[in-house]
Amino acid sequence: MYRTKAILTRTFILAAVLAPAIWLGTPAEAQYPPPPPPPPAQYVAPPPPPDAYVATTQPEYYENRPVYWYGGNWFYRDEHGRWNFYRQEPSYLRDRRAHWDDRRRYHYYR
Amino acid sequence: MARRRRVGIVVSALMVLSVACGGATHPATAPSTASDVAPAGTTPTDAEDSSMAELKDHHRHHHHGGFAMFIAMSLDTLGVSPEREAAVTKIQQDMFAKLQPAHDAEKKVLSTLADGVAAGRIDRAKVEAAATQVSTASAGVHDAIADLLNQLHAALTLPQRVALVDKVEAHFHVWQEANSDGEPGDQGGHGGQLAKLATELGMSADQVEKARASFKSSMAAASTRYDAGEGETHLKEFGSAFIGDTFDAKTLAGGAAANAHIATWGTTRTVRLYEAVTPVLTVAQRTALADMLRRHANYKRTQQAT
């Protein structure tokens, strides 16, 4: 009788100690609803040429469309009229760039 | 005693394990990849070089011909092939010839303004009479250049026509920004016309504030307003037609009105700005401003800055 009581007491104490430990060991997402995902890493697209740049700069023509060298990228308008750019500089355009003269930019007399 | 120590060790080990498991950690999110670039003008990196600044200054003072002028100016940087260059240059020269009456009327406005600024008093009646001539001459430009636009369409390849439409749109937007309805202090954070004048003439903050307030009340009282929607509609009509395989400028219904309204609004705004600025300037500042206006008045279209 005394032995049984002792075993029950020990089991109760062990359970009381282990329960919080098991709870703490459970992955957080199993305990609570997952938090909202963090915002995706910010992708900063290069800015397309402003209007004043387009108006004063001579384009190149590549793949049947005008393209503008601006900020280190070649920009073109896609079929929806939105600006897009070549991720890798086409060799034709790289070659063209090597032969530019100062007529490419227009300066309006003031 | 030894048993209690063992239990303690087990519990400690379990607690350490629970912390080590770290249930609150989340996998890193991979960076997204965007396929489109940001819309033009939305980033603060629209660094303005001298060429762009000169264009804005040009559009703040030259409004004659409206879209016809934008089209002619677009030919400056179209980049046509050598075999087409002579034909396109000839068309541009002919367009400038058709724009000459409007150009002359505008020259009279700017010269009259320059004289008034130098004297310290602008003759409103004289300036308005000249401004009316700019509007009237600009209204007639569309019909006058219709055949030239048809020739231009025939002379250009499709990519060149696309480029031309892009450039006309760009000129229109630059003109719009330079001649917006609001106060000319600091439009869009890029520094407006009054800010530029303040720098060039060495105006004090008090002079700038007085000129700004006067300009604001003058524009509020102006009987004319520019309808940007009309311009956008004409631009769309011209753009889609000009890119097409066949084109007839005579079918563009809104050309005359669109050109006249650009000329009227732009000239009105220019006149009222200098009317507002003149009374607050010193004699030396007025002399400098008059010289600047005379340079604009004597501007020759095919003349590039050196």
Side-chain angles (χ1 to χ4, degrees), chain A residues 10 13-14 17-18 20-32 34-35 37-66 68 71 73 75 77-78 80-85 103-110, chain B residues 7 11 14-15 17-19 21-26 29-43 45-46 48-58 73-74 76-79 157-160 162-163 166-167 169-171 173-174 177 292 295-296 299-300 303-306:
Chain A
R10 277 204 299 272
I13 291 169
L14 192 62
V17 169
L18 286 178
I22 290 167
W23 184 81
L24 283 171
T26 306
E29 56 266 34
Q31 296 173 31
Y32 302 107
Q42 199 68 33
Y43 174 78
V44 181
D51 288 319
Y53 185 87
V54 172
T56 53
T57 306
Q58 187 174 302
E60 292 291 343
Y61 292 94
Y62 180 67
E63 293 184 330
N64 278 323
R65 59 190 168 203
Y68 290 88
N73 289 291
F75 285 88
R77 286 195 191 272
D78 65 18
H80 305 293
R82 290 182 302 225
W83 284 112
N84 212 322
F85 67 100
R103 284 176 55 202
R104 208 178 67 81
R105 296 304 306 281
Y106 199 88
H107 290 268
Y108 285 91
Y109 177 77
R110 293 191 286 170
Chain B
V7 169
V11 168
L14 285 170
M15 291 184 78
L17 273 174
S18 72
V19 172
C21 282
T25 57
H26 296 279
T29 306
S32 66
T33 54
S35 58
D36 290 321
V37 295
T42 59
T43 60
T45 53
D46 288 352
E48 186 175 275
D49 60 22
S50 62
S51 186
M52 292 154 71
E54 287 161 12
L55 178 72
K56 285 184 183 176
D57 203 40
H58 178 97
M73 290 173 76
S74 295
D76 291 331
T77 55
L78 198 58
T157 63
L158 175 59
Q160 289 164 349
V162 169
D166 273 349
K167 285 177 181 294
E169 183 182 355
H171 275 291
H173 290 156
V174 172
E177 189 194 341
M292 284 165 50
R295 282 206 306 275
H296 280 292
Y299 164 73
K300 291 181 176 59
Q303 188 173 5
Q304 280 206 61
T306 52

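Below, chains carry the letters A, B, ... as their sequence lines are ordered, and counting in each starts from 1.
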What closest approach, in Å, do A52(A) and K56(B) show between heavy atoms, and which atom pair accounts for it? CB-CE, 4.4 Å
Looking at every heavy atom in both M52(B) and T56(A), which two are closest together, and how far apart are they? CG-OG1, 4.2 Å
Under 4.5 Å from a heavy atom of chain B, the part of Y61(A) involved: side chain
Hits for side chain to side chain contact (heavy atoms under 4.5 Å, CB included) against A170(B), two or more places apart or cross-chain, chain-then-number order -> D51(A), V54(A), A55(A)
Donor-acceptor side-chain pairing of D166(B) and Y68(A) below 3.5 angstrom: no
So do S50(B) and R105(A) actually touch side chain to side chain, heavy atoms under 4.5 Å? no
Those residues at least two apart in sequence (or on a different chain) that pass salt bridge (Lys or Arg N to Asp or Glu O under 4.0 Å) with E60(A) are R96(A)
How far does NE2 of H58(B) sit from OH of Y106(A), to the nearest 0.5 angstrom? 9.0 Å
Could you look at S51(B) and say if it's the side chain, the backbone, both or neither that has a heavy atom under 4.5 Å from chain A? both
Contact part of L78(B) toward chain A, heavy-atom cut-off under 4.5 Å: side chain, backbone, both or neither? both
Specify whether Y108(A) and H171(B) have parallel, tilted or perpendicular ring planes, treating 30° as the upper limit for parallel and 60° as the lower limit for perpendicular. perpendicular
Distance col, row L158(B):CG vs R65(A):CZ, nearest 0.5 angstrom, shows 12.0 Å
